[in-house]
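Here is the structure we will look at, set down as structure tokens.
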Amino acid sequence: MSDFQVKINGISVDVTRGMTVLQAATQAGVKIPTLCYHDDLVPFGSCGLCIVKQEGSAKIIRACSAPVVEGLSVITHDTELFEVRKTILELILSTHPSTCLSCIRNGECELQDLAAEFGIREQPFEVRLSDRPKDTSTASIVFEPEKCIKCGRCVQVCQDLQGVYALEFIGRGDMTVMAPAAMMKLEDSPCVRCGQCVVHCPVGAIYEKDQIADYIKAMNDPEKQIVVQIAPAIRVGLSESFGLPVGTVTTKKIYAAIRRLGAVAVHDTNFGADLTIMEEGSELLGRMSDGGLLPQLTSCCPAWIDYVQKYYPDLLEHVSSAKSPMQMVGAIQKTYWAEKMGIDPAKLFTVAIMPCTAKKHETIRDKAMFSSGHQDVDLVLTTREFARLIKRVGIDFLSLQEEEADNPIAEYSGAGTIFGATGGVMEAAIRTAYNVVTGKELENIDVEVVRGLEEIKKGTVDFDGTPVRVAVIHGLSHAKEVMDEIRAAKAKGERAPYEFVEVMACRGGCIAGGGQPYGATDILRKERAEGLYQDDRQSAIRCSHQNEAILKLYEEYFEKPLSDKAHHLLHTTYQEIPVYKA
């Protein structure tokens, strides 16, 4: 129900109190250009592109941040506004290198799109480029200050959404720059490599470390045998790169594409997700039955692990020792699978297609990531890199016939699929833990209390008379609230009001990770998540403990969850990391 009407270019629009002029214009079918604005962030009118005229007044307002008021009538487009916006763009371009064809964002750049829309063909202003060097210090993210347009989106997302404060505004006026504190390298800053700065940057100033060349080199090396796994979120993320509707599941086309890319085997990280539930769930039930340290915190998100190692090292004992599904699959590829196939693990080149930039660093995070006697996962490509690779080698993705993955690291449950959405790890764990505790299957395995985009979801799950208190968090700024609660209870010698807590660094979970297609909003997050839930509903099995391939793995190799061999290959330890490196 609307509160009142406003006029956009003479068109009456029903609005509610609290809406902005930009939102009202969108509702009226009018597109106002923006560059610093993003749906995830609090607008602060940095770029000035969204200026509109207020009728009956000489006042110019910024549509992204100006609230609607009764009686408001605005003009969003006329010749004067066009020229002002064009001049703003020309000034921005005067401090931006004209290397679009060689930029990683070529064809996916908001500044490039706007320059085309405004017909900018010449540069009327003196070019003034930054001389700050490219920062390649991290294994995940590259920062290229020369391309920064000072929109501030990276700073906002790092500070407000993630609560990490690795990036900030430094200087004043025209001398303002976006950079890590004290102009240090990203690797020495509090950066947790989540990549949210990457997916929120409108240009190519900050981006994932591109490693497509490493894959192609392995393709052309006769001594290498490539084995590839794909994460849960890839099956709904890649579709957008090929013009398919958001949330479209393309799993079996992805398998086919990977084979065209020279892989000798195609595996699925969902198998590792089911394996994670068996290990992490057994660890949780052990803590609950033996009076162990609770709550248990999930461990599958590497950016979250980086965050807790830096900001809450006193809570590291609460973190599950289970590796992420990706690292579990890499370890068994170079041990169990290599033995079954009679392949020398030294010749295996294990590749993971991930929705996450932090996964690149996870492969070398500590010695546990070399548990097979080799680097367990040799290379991580993000969803975006994978899409570029497919296009680069001439694969017509949309015309591919569907194919199956290769057993035994192929079978997975619906529970493994929903790992990609916030609440998915918790829901998968509940489905299996309920069975272990009660000996029965959960009657309704759709655990709605942990689903959705509410930042902190809390609830209690009834395990046939045993209440299990849970919390689900996505977005690291919100993790602080619950971690402070756990820390305070611990200081008092009390037990925090949870048994199990899931944390995902990125809003929405892996479906909107730092390596996924650009442009994620809450609308897109919901559609991507629904794609995973639909895939879950259609699965023949929907619980990790029902996965026959997992049960066979334990029978043939690990014996049981938390066995000595399982601990060696599937578990890890954590250490405190200084927030700032000296």
Side-chain angles (χ1 to χ4, degrees), residues 1-96 109-125 148-157 159-161 169 172-174 176 178 200-203 519 521-523:
M1 182 178 292
S2 66
D3 292 325
F4 50 86
Q5 287 189 332
V6 297
K7 285 188 176 181
I8 307 292
N9 299 331
I11 302 169
S12 294
V13 183
D14 292 325
V15 297
T16 55
R17 209 171 302 279
M19 285 179 66
T20 63
V21 174
L22 180 63
Q23 290 169 329
T26 301
Q27 194 165 298
V30 174
K31 182 185 176 184
I32 298 174
T34 63
L35 195 54
C36 67
Y37 175 81
H38 193 285
D39 281 351
D40 287 345
L41 307 174
V42 175
F44 66 109
S46 170
C47 70
L49 276 178
C50 68
I51 54 169
V52 296
K53 292 179 177 178
Q54 186 172 338
E55 285 197 293
S57 169
K59 188 176 181 182
I60 298 292
I61 58 179
R62 301 198 179 202
C64 72
S65 55
V68 292
V69 294
E70 287 191 71
L72 180 69
S73 179
V74 298
I75 299 298
T76 67
H77 291 75
D78 65 14
T79 301
E80 183 182 12
L81 287 170
F82 176 86
E83 291 300 329
V84 171
R85 289 167 179 161
K86 184 178 180 183
T87 300
I88 290 171
L89 284 170
E90 289 169 340
L91 284 167
I92 292 171
L93 288 166
S94 73
T95 62
H96 191 78
C109 171
E110 294 177 40
L111 179 60
Q112 187 182 54
D113 290 343
L114 284 166
E117 285 179 21
F118 278 78
I120 296 175
R121 300 290 181 264
E122 297 177 354
Q123 178 50 270
F125 299 104
C148 178
I149 61 171
K150 304 181 184 181
C151 68
R153 276 161 46 167
C154 62
V155 174
Q156 270 195 289
V157 73
Q159 295 187 4
D160 300 340
L161 263 66
F169 297 97
R172 289 186 175 186
D174 193 46
T176 300
M178 283 67 183
H200 285 81
C201 178
V203 295
T521 62
D522 279 355
I523 293 173

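Note: hydrogens, waters and symmetry copies are ignored here, and every other heavy atom, side chains too, is used.
A heavy-atom distance below 4.5 Å is not found between the side chains of Asp3 and Val15. Thr76 places none of its side-chain heavy atoms less than 4.5 Å from the side chain of Leu81. Using a 4.5 Å heavy-atom threshold, the side chains of His77 and Pro33 count as touching. You'll find the side chain of Glu110 stays beyond 4.5 Å of the side chain of His38, heavy atoms only. The shortest distance between side-chain heavy atoms of Asp40 and Asp522 falls below 4.5 Å. Residues Phe125 and Thr87 are in side-chain contact: their nearest non-hydrogen atoms beyond the backbone lie under 4.5 Å apart.
Salt-bridge check for Lys53 with Glu80: passed, with a basic side-chain N closer than 4.0 Å to an acidic carboxylate O. Salt bridge absent: Glu117 and Arg85 never bring a charged side-chain N and a carboxylate O closer than 4.0 Å.
Going from atom CG of Asp39 over to atom SG of Cys64 covers 11.5 Å, rounded to the nearest 0.5 Å. With rounding to the nearest 0.5 Å, the separation of OG1 in Thr16 from CZ in Phe4 is 8.0 Å. Going from atom CG of Asp78 over to atom CG of Asn9 covers 9.0 Å, rounded to the nearest 0.5 Å. Between the SG atom in Cys47 and the OH atom in Tyr37 there is a gap of 12.0 Å [rounded to 0.5 Å]. Rounded to the nearest 0.5 angstrom, Ile92 CD1 and Ile120 CD1 are separated by 9.0 Å. Once rounded to the nearest 0.5 Å, the distance linking NE2 of His200 with SG of Cys154 reads 11.0 Å.
The side-chain contact (heavy atoms from CB on, under 4.5 Å) test with Leu49 is passed by exactly one of Leu114, Val84, Ile32: Leu114.
Val13 and Gln27 make their closest contact through CG1-NE2, 3.8 Å (heavy atoms, listed as atom of the first residue, atom of the second, distance).
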